[in-house]
Undergrad: 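Following this message is one structure expressed as C-alpha cells.
When reading the values below, keep in mind they use all heavy atoms of this one structure, side chains included, and skip hydrogens, waters and symmetry mates.
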Amino acid sequence: MQFFDNAPRFLFFTGKGGVGKTSLACATAMQLAARGQRVLLVSTDPASNVGQVFGLAIGNQVTAVPEVPRLWALEVDPQAAAQGYRDRIVGPVRSVLPDDVVKGIEEQLSGACTTEIAAFDEFTALLTDASLDARYEHIIFDTAPTGHTIRLLQLPGAWSGFLESGKGDASCLGPLAGLEKQRSQYAAAVAALADGTRTRLVLVARAQQSTLREAARTHGELQAIGLGQQYLVVNGVFPPGEAAQDPLAVAICRREQAVLAAMPPALQSLPTDLVALKPFNLVGREALRQLLVDTAAAPVPGDSGGQPDIDLPRLAALVDGIAADGHGLVMLMGKGGVGKTTLAAAVAVELAHRGFAVHLSTSDPAANLEQTLGGALENLTVSRIDPHEVTERYRQQVLATKGAKLDAAGRALLEEDLRSPCTEEIAVFQAFSRTIREAGKKFVVMDTAPTGHTLLLLDATGAYHRDIVRQMGSTGVHFTTPMMQLQDPKQTKVILVTLAETTPVLEAANLQNDLRRAGIEPWAWVINNSVAAARVTSPLLRQRARNELREIDAVTMQHATRWAIVPLQSEEPVGIARLLELAGSQFQAQAAGV
C-alpha cells in the first residue's frame, strides 16, 4: 500500500464518519510495528473505539497492545482532559473566593469549548514532546470525523493568532492565562503539521459519491492550511470477482466502479489505494492483520446457501408511532457513517407524504440533505445549521446590539472577543435551540452530527439549562429550556442508528447510556444497511449476513424497546421515490409519480 510506504513520523487518518479510519489506522500501526518500528497509536476522537477494535481497555494512558510487539495505544479522553483542565483553573481559587463565585466559574467551564481546548492541549503536546522522539519512530493519529478533524487541525493556528493579539477577555470561558503560557508549544505544533517530511495525511473514503465529495472538500481545506502531503485510501471496495450470479452484489459492484471512474478531479492526482471489502468484522488483531491483504471469501461452515431467518419490522412502522402525536422533535443519532442523513430524510419524507408539515434539519457539517432528497416535496422544508454561517450571523447580531453602545476602542475589543474560537459554540447552540422550538407546531426531524459532536452539543444544552434554572428557580416564572424539551418523551423521540457490526452497536449502546445519564431516554433503534435483511447469494455477502446475526440479537434483545431494520439497497437511496422504498412505505406505489 502506497499510503504507509516510507511513512513519515506522523500519520493522520481523516475522512467522513464510518469510512473505516479506525480500522485502517490500527492495521497500519500493526504493519509498521511488524516491520520493527516502535509505534504509538493515538485517537483524538471524542467517541474513540480503538480499544473496542483491539478488544482491550486503553483510555487516557499509553497502553501496550498485547501480542503486538512495539505497538502502544492512547485514547485522548476529552472529558477527563476537560476535568483536569477545570481542576487546574478552579483549584487555586476554591479556598479564596466565595462558593457561589466558584460555582459560577465551574459552570462557565462546563461547556463544549472547554472540552475542545483541553483535548487540543493534549494533542499539541504529542506533536511537540521531544521525549517521544526517543521512544517511538511513528505516531499515528486516528482522528475524529471530518468536521472535528478540520477544527482540531486549525486550532493550533487559530489559538496562536488569537494569543498573538492578546486582546481576548473572559467570555472565552476564562482559560486564556493558561493558554498564553503554551504559545511556543502551539507554534511548534503548527510547524510539525505543515512539514511534509514529518506529517502525512491519509484521506479515507468509500466508493460512494458522498464520501468522495467529502474527501475532496477535506483535501482542499487541509491544503489551504498548509497540509499538502496527502494520500487517498478508498476502503471497503466490493471485489468484482465476488459479484457473479448475485443481483445485489452485481448492482453494488457496478455502482462502486462508476463512482470510482467519476472521482472528483481534486482527488485524481493523489496517490490512491483501494482496500477490498472483507467478509469478516474488523475487530481483533487477526482481522486487522488481514485488512491490508487480499482475502477471498471462504464458504461459511455448514452454510447451505439459505438466507438467515430474521424478523423485519420496517422503518415505516416506527413512523406510525411518530405520526400518532401529530407533531414533535425526532432526533437521529449514532456513529458517523451509519446512514443518519439518509434515514432522517426517509422519516421526513414519509411524514410529509402523510400530510404533516415537516422541517428537516442537520447539524452535521458533512451531511448533504439536498442531494439525498433529490428534489422538493410538498409539506417539507429543509435547513442546515452551518457553523460558519450561524457564527457570522451571531457576530453581526452582537455587534449591532451590544456593540452599538460602545466607543471605537470598546467595539474593537468586542470584535476581537467575537473572533475567539469559543464563539462558534454559542452560535451553534442558539441555532439548535431555535430549530427545536418549532416542534411544538410541526414535526422537526434532526439529522445530528456524529456521536462525539452530538454529546458536545448536548453538553452545551445542559450547561445552558443549569444556568437558566439557577437564574429563574427562585422567581416563580414558568420556563422551558431546550434540555427540558429533549428530556420530555412527549415532545422528543430520539432514534439511535447503527449498523449490524460490533463497533457501531457498542458505540450506540454507549451513547444510549450517556443519554440516559442526561435524562434522555432513546425511543427506538434502527439497524441500517443490513445484509441479513436482504436477499443475497454471494459467498462474501452471505458470510457478512451470518456475522450480522449476533449484533441484531444484541440490539433487539438487550438494547432496544422498539426497533426497525433497513436492508442493504441495490441502488443508492437518493431521491424521494427511493427514500419511500427504503422506509417500506405504503406510499411507495405512488412514489414513481413524485
Undergrad: For E548 and V531, indicate whether the former's side chain and the latter's backbone hold a donor-acceptor pair under 3.5 Å.
TA: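 Side chain of E548 to backbone of V531: a pair is present.
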Undergrad: Report yes or no: does R213 contribute a side-chain atom to a donor-acceptor pair with the main-chain N or O of Q208 at less than 3.5 Å?
TA: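 Not confirmed, R213 side chain does not pair with Q208 backbone.
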Undergrad: State, yes or no, whether a side-chain contact exists between V505 and V555 at a heavy-atom distance under 4.5 Å.
TA: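 Yes. Closest side-chain heavy atoms under 4.5 Å.
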Undergrad: Could you tell me the separation between the CG atom of L499 and the CD1 atom of I552, rounded to the nearest 0.5 Å?
TA: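 Result: 11.0 Å between the selected atoms.
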Undergrad: Answer whether the closest heavy-atom distance between the side chains of V76 and S43 falls below 4.5 Å.
TA: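 Not in contact.
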Undergrad: Where is the tightest heavy-atom contact between G20 and V204, given as atom of each residue plus distance?
TA: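 Looking at all heavy atoms of both residues, the closest pair is C-CG1, 4.5 Å.
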Undergrad: Could you check whether any side-chain heavy atom of M446 comes within less than 4.5 Å of a side-chain heavy atom of L332, counting everything from C-beta outward?
TA: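 In short, these two side chains do not touch, never coming nearer than 4.5 Å.
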Undergrad: The test is side chain to side chain contact (heavy atoms under 4.5 Å, CB included); show your working for I322 and I495 and say whether it passes.
TA: CA-CA 11 Å; I322 296 170; I495 298 176; 4.0 Å; yes
Undergrad: Can you confirm whether the side chains of S538 and D246 place a donor and an acceptor under 3.5 Å from each other?
TA: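 On atom types as modelled, these side chains do not qualify, holding no pair under 3.5 Å.
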Undergrad: Identify whether the distance between the nearest side-chain nitrogen and carboxylate oxygen of R516 and E521 falls below 4.0 Å.
TA: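 Looking at E521 together with R516, the answer is yes, because their closest N to O distance falls below 4.0 Å.
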Undergrad: Taking E256 for the side chain and F238 for the main chain, is one N or O donor matched with an acceptor at less than 3.5 Å?
TA: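 Flag set: sc E256 to bb F238 pair under 3.5 Å.
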Undergrad: Check T372, T362, D447 against T341 for a side-chain hydrogen bond (donor to acceptor under 3.5 Å, both in side chains) and give me the one that passes.
TA: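 Running side-chain hydrogen bond (donor to acceptor under 3.5 Å, both in side chains) over T372, T362, D447 with T341 returns exactly one hit, D447.
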Undergrad: So, do I520 and T492 sit near enough that their side-chain heavy atoms are less than 4.5 Å apart?
TA: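 Not in contact.
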Undergrad: Where do N235 and R206 come nearest, in terms of heavy atoms and distance?
TA: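 Looks like O-CD, 3.3 Å.
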Undergrad: Report the distance from atom CG of L291 to atom OG1 of T28, rounding to the nearest 0.5 Å.
TA: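 Here the interatomic distance stands at 8.0 Å.
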Undergrad: What's the shortest heavy-atom distance between A64 and L56, and which atoms?
TA: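 Smallest heavy-atom distance, with atoms named: O-CD1, 4.1 Å.
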Undergrad: Which class fits the ring pair W525 and H559: parallel under 30°, tilted 30 to 60°, perpendicular over 60°?
TA: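 The rings of W525 and H559 lie parallel, inter-plane angle below 30°.
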Undergrad: Do S361 and V382 have side chains that get closer than 4.5 Å, going by heavy atoms?
TA: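 The answer is no; the side chains never approach within 4.5 Å.
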Undergrad: Is the backbone of A27 close enough, under 3.5 Å, to the side chain of R289 for a donor and an acceptor to pair up by distance?
TA: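 No: the side chain of R289 does not pair with the backbone of A27.
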Undergrad: So how far is it from L212 CG to T218 OG1, rounded to the nearest 0.5 Å?
TA: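 These two atoms lie 11.0 Å from each other.
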Undergrad: So, do L24 and V202 sit near enough that their side-chain heavy atoms are less than 4.5 Å apart?
TA: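 No, side chains not in contact.
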Undergrad: Just do the side chain to side chain contact (heavy atoms under 4.5 Å, CB included) check on K493 and D325 with the steps written out, would you?
TA: CA-CA 11 Å; K493 288 182 171 59; D325 293 333; 2.4 Å; yes
Undergrad: Do you know which of R544, R550, K278 makes salt bridge (charged side-chain N to carboxylate O under 4.0 Å, His left out) with E501?
TA: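 Considering R544, R550, K278, a salt bridge (charged side-chain N to carboxylate O under 4.0 Å, His left out) with E501 is found only for R544.
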Undergrad: Salt bridge check: are R354 and D320 linked by an N-O gap of less than 4.0 Å?
TA: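 The answer is yes: the pair qualifies as a salt bridge.
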Undergrad: Is the backbone of V50 close enough, under 3.5 Å, to the side chain of T22 for a donor and an acceptor to pair up by distance?
TA: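 Such a contact is absent between T22 side chain and V50 backbone.
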Undergrad: Measuring only between side-chain heavy atoms, which start at C-beta, is L292 closer than 4.5 Å to V275?
TA: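 They are in side-chain contact.
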Undergrad: Quickly, which of L343, I565, V338 forms a side-chain contact (heavy atoms from CB on, under 4.5 Å) with N528? Name it, please.
TA: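 With N528 as partner, side-chain contact (heavy atoms from CB on, under 4.5 Å) holds for just one option, L343.
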Undergrad: Would you mind reporting whether L41 and F54 have side-chain heavy atoms less than 4.5 Å apart?
TA: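 In contact.
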Undergrad: Do the side chains of E350 and R314 get close enough for a salt bridge, i.e. N-O under 4.0 angstrom?
TA: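 Not counted as a salt bridge, because no side-chain N and carboxylate O are separated by less than 4.0 Å.
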Undergrad: Output, in order, the C-alpha distance, side-chain angles, deciding distance and verdict of salt bridge (charged side-chain N to carboxylate O under 4.0 Å, His left out) for R285 and E67.
TA: CA-CA 8 Å; R285 290 175 289 274; E67 301 179 30; 3.6 Å; yes
Undergrad: With rounding to the nearest 0.5 angstrom, report the CG to CG distance, N510 to L496.
TA: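 If I round to the nearest 0.5 Å, the distance is 11.0 Å.
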Undergrad: Do side-chain atoms of Q491 reach the backbone of P489 as a donor and acceptor pair under 3.5 angstrom?
TA: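 Looks like no, no N/O pair under 3.5 Å.
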Undergrad: How long is the span from the CH2 atom in W563 to the CD1 atom in I527, to the nearest 0.5 Å?
TA: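 Rounded to the nearest 0.5 Å, the CH2-CD1 separation comes out at 5.5 Å.
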Undergrad: For Q61 versus I58, what's the shortest heavy-atom pair and its separation?
TA: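 Looks like CG-O, 3.8 Å.
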Undergrad: Between H359 and S383, is a side chain to side chain donor-acceptor pair (under 3.5 Å) present by the stated rule, with each step listed?
TA: CA-CA 8 Å; H359 178 181; S383 70; 2.6 Å; yes
Undergrad: Give the C-alpha distance, both sets of side-chain angles, the deciding distance and a yes or no for side chain to side chain contact (heavy atoms under 4.5 Å, CB included) between L486 and V494.
TA: CA-CA 9 Å; L486 295 177; V494 172; over 6 Å; no
Undergrad: For a quick test of reading the model, state the closest non-hydrogen atom pair linking L582 to A346 and the distance between them.
TA: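 Minimum heavy-atom separation between L582 and A346: CD2-CB, 3.9 Å.
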Undergrad: I would like to know whether I139 and F141 meet side chain to side chain contact (heavy atoms under 4.5 Å, CB included); could you show each step before the answer?
TA: CA-CA 7 Å; I139 300 180; F141 289 88; 3.6 Å; yes
Undergrad: Looking at every heavy atom in both A57 and T63, which two are closest together, and how far apart are they?
TA: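 So the two residues come closest at O-CG2, 4.2 Å.
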Undergrad: Salt bridge or not for R578 and E581, using N-O below 4.0 Å?
TA: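 No salt bridge links R578 with E581.
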Undergrad: How long is the straight-line distance from CZ of F13 back to CD1 of I140, given to the nearest 0.5 Å?
TA: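 I140 CD1 to F13 CZ: 6.0 Å, rounded to 0.5 Å.
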